[in-house]
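To start, the structure under review is shown below, and the notes come after it.
The first residue in the sequence is number 1, and the count goes up from there.
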Amino acid sequence: QVQLVETGGGLVQAGGSLRLSCAASGRTFSRFARGWFRQAPGKEREFVAAIFRNGGSTHYSDSVKGRFTISRDNAKNTIYLQMNSLKPEDTAVYYCAADPSLIYSDLARHSAYDYWGQGTQVTVSS
């Protein structure tokens, strides 16, 4: 059974940093595309960042490009999201996702992912 567990959320002041982790179990995830999405209250879930199979190409939303970095450790079945220069508008529940057959052009499409974590809250105070 596939399970994704996010950790690392919390409360931080604007300009600060956090690192989220998403540990996966139940499958070998090195060939899975992995992604981060977020959802703020009253808003739709939006794409944040993704990394393609085997740690190849990465893709970021324009709103986080240059501030966030996604990486993966296939030996640990874990991906990370390093978030720097955080802004109040980054406040949301952050979800990790995984999919074994997703194609590169679908990295930002949340409906393309089969597996999801339960989410971790990130709150950035002004």
Side-chain angles (χ1 to χ4, degrees):
Q1 183 176 351
V2 173
Q3 187 175 18
L4 305 179
V5 179
E6 304 99 333
T7 56
L11 173 65
V12 64
Q13 288 189 332
S17 298
L18 281 175
R19 189 175 84 150
L20 306 183
S21 300
C22 175
S25 61
R27 295 277 296 274
T28 300
F29 285 84
S30 62
R31 293 187 177 273
F32 278 54
R34 307 283 297 273
W36 289 98
F37 292 76
R38 66 187 182 186
Q39 189 166 17
K43 295 187 177 181
E44 293 186 355
R45 190 167 297 191
E46 67 170 351
F47 170 73
V48 176
I51 188 165
F52 205 45
R53 295 189 292 268
N54 294 324
S57 301
T58 56
H59 182 50
Y60 297 91
S61 70
D62 288 342
S63 62
V64 307
K65 197 174 296 182
R67 300 188 298 123
F68 291 11
T69 303
I70 188 171
S71 61
R72 68 191 296 164
D73 184 338
N74 285 334
K76 296 181 179 180
N77 275 344
T78 298
I79 63 168
Y80 305 95
L81 186 68
Q82 178 65 43
M83 305 186 295
N84 299 328
S85 302
L86 282 161
K87 305 175 182 179
E89 51 264 44
D90 293 319
T91 295
V93 177
Y94 283 70
Y95 298 90
C96 71
D99 193 89
S101 58
L102 189 146
I103 60 176
Y104 184 80
S105 59
D106 283 339
L107 279 177
R109 191 162 65 90
H110 67 81
S111 61
Y113 289 81
D114 281 348
Y115 303 107
W116 290 85
Q118 83 289 347
T120 185
Q121 176 71 47
V122 171
T123 303
V124 184
S125 63
S126 57

Pairwise side-chain contact, [X] with [Y], heavy-atom cut-off 4.5 Å (strictly under):
X	Y	value
Leu102	Phe32	no
Phe29	Ile79	no
Arg72	Asn74	yes

- line: Across all chains, not counting sequence neighbours, the side-chain hydrogen bond (donor to acceptor under 3.5 Å, both in side chains) partners of Lys43 are none
task: Tell me, please, which residues at least two apart from Thr28 pass side-chain hydrogen bond (donor to acceptor under 3.5 Å, both in side chains).
output: none
Please table the atom pairs, donor to acceptor, closer than 3.5 Å between any side-chain atom in residues 17-26 and protein atoms at least two apart or in another chain.
residue, atom, partner, partner atom, Å
Ser17, OG, Asn84, OD1, 2.9

Of all residues at least two apart in sequence or in a different chain, which pass the side chain to side chain contact (heavy atoms under 4.5 Å, CB included) check with [X]?
X	value
Thr123	Leu11, Thr91, Gln121
Asp114	Asp99, Pro100
Ser63	Arg38, Ser61
Pro88	Ala14, Val124, Ser126

- line: Residue pairs meeting disulfide bond (SG atoms under 2.5 Å apart), one or both in residues 57-90, sequence neighbours left out, come to none
- request: Only counting residues at least two apart or in another chain, list the ones meeting ring-ring contact (aromatic ring centres under 6.0 Å, His included) with Phe37.
  value: Phe47, Tyr113, Trp116
query: salt bridge (charged side-chain N to carboxylate O under 4.0 Å, His left out): which pairs involve residues 59-70, sequence neighbours left out?
result: Asp62-Lys65, Arg67-Asp90
Please name the pair of heavy atoms, one in [X] and one in [Y], separated by the smallest distance, quoted to 0.1 Å.
X	Y	value
Val122	Met83	CG2-CE, 3.9 Å
Gly119	Val93	CA-CG1, 3.8 Å
His59	Leu107	CB-CD1, 4.2 Å

field: Pairs flagged by side chain to side chain donor-acceptor pair (under 3.5 Å) wherever residues 2-12 is involved - sequence neighbours left out
entry: Glu6-Gln118
- prompt: What distance do Ser71 atom OG and Arg34 atom CZ have between them, rounded to the nearest 0.5 Å?
  reply: 10.5 Å
statement: So the ring pair (Phe, Tyr, Trp, His ring centres under 6.0 Å) pairs with at least one residue in residues 68-105 (sequence neighbours excluded) are Phe52-Tyr104
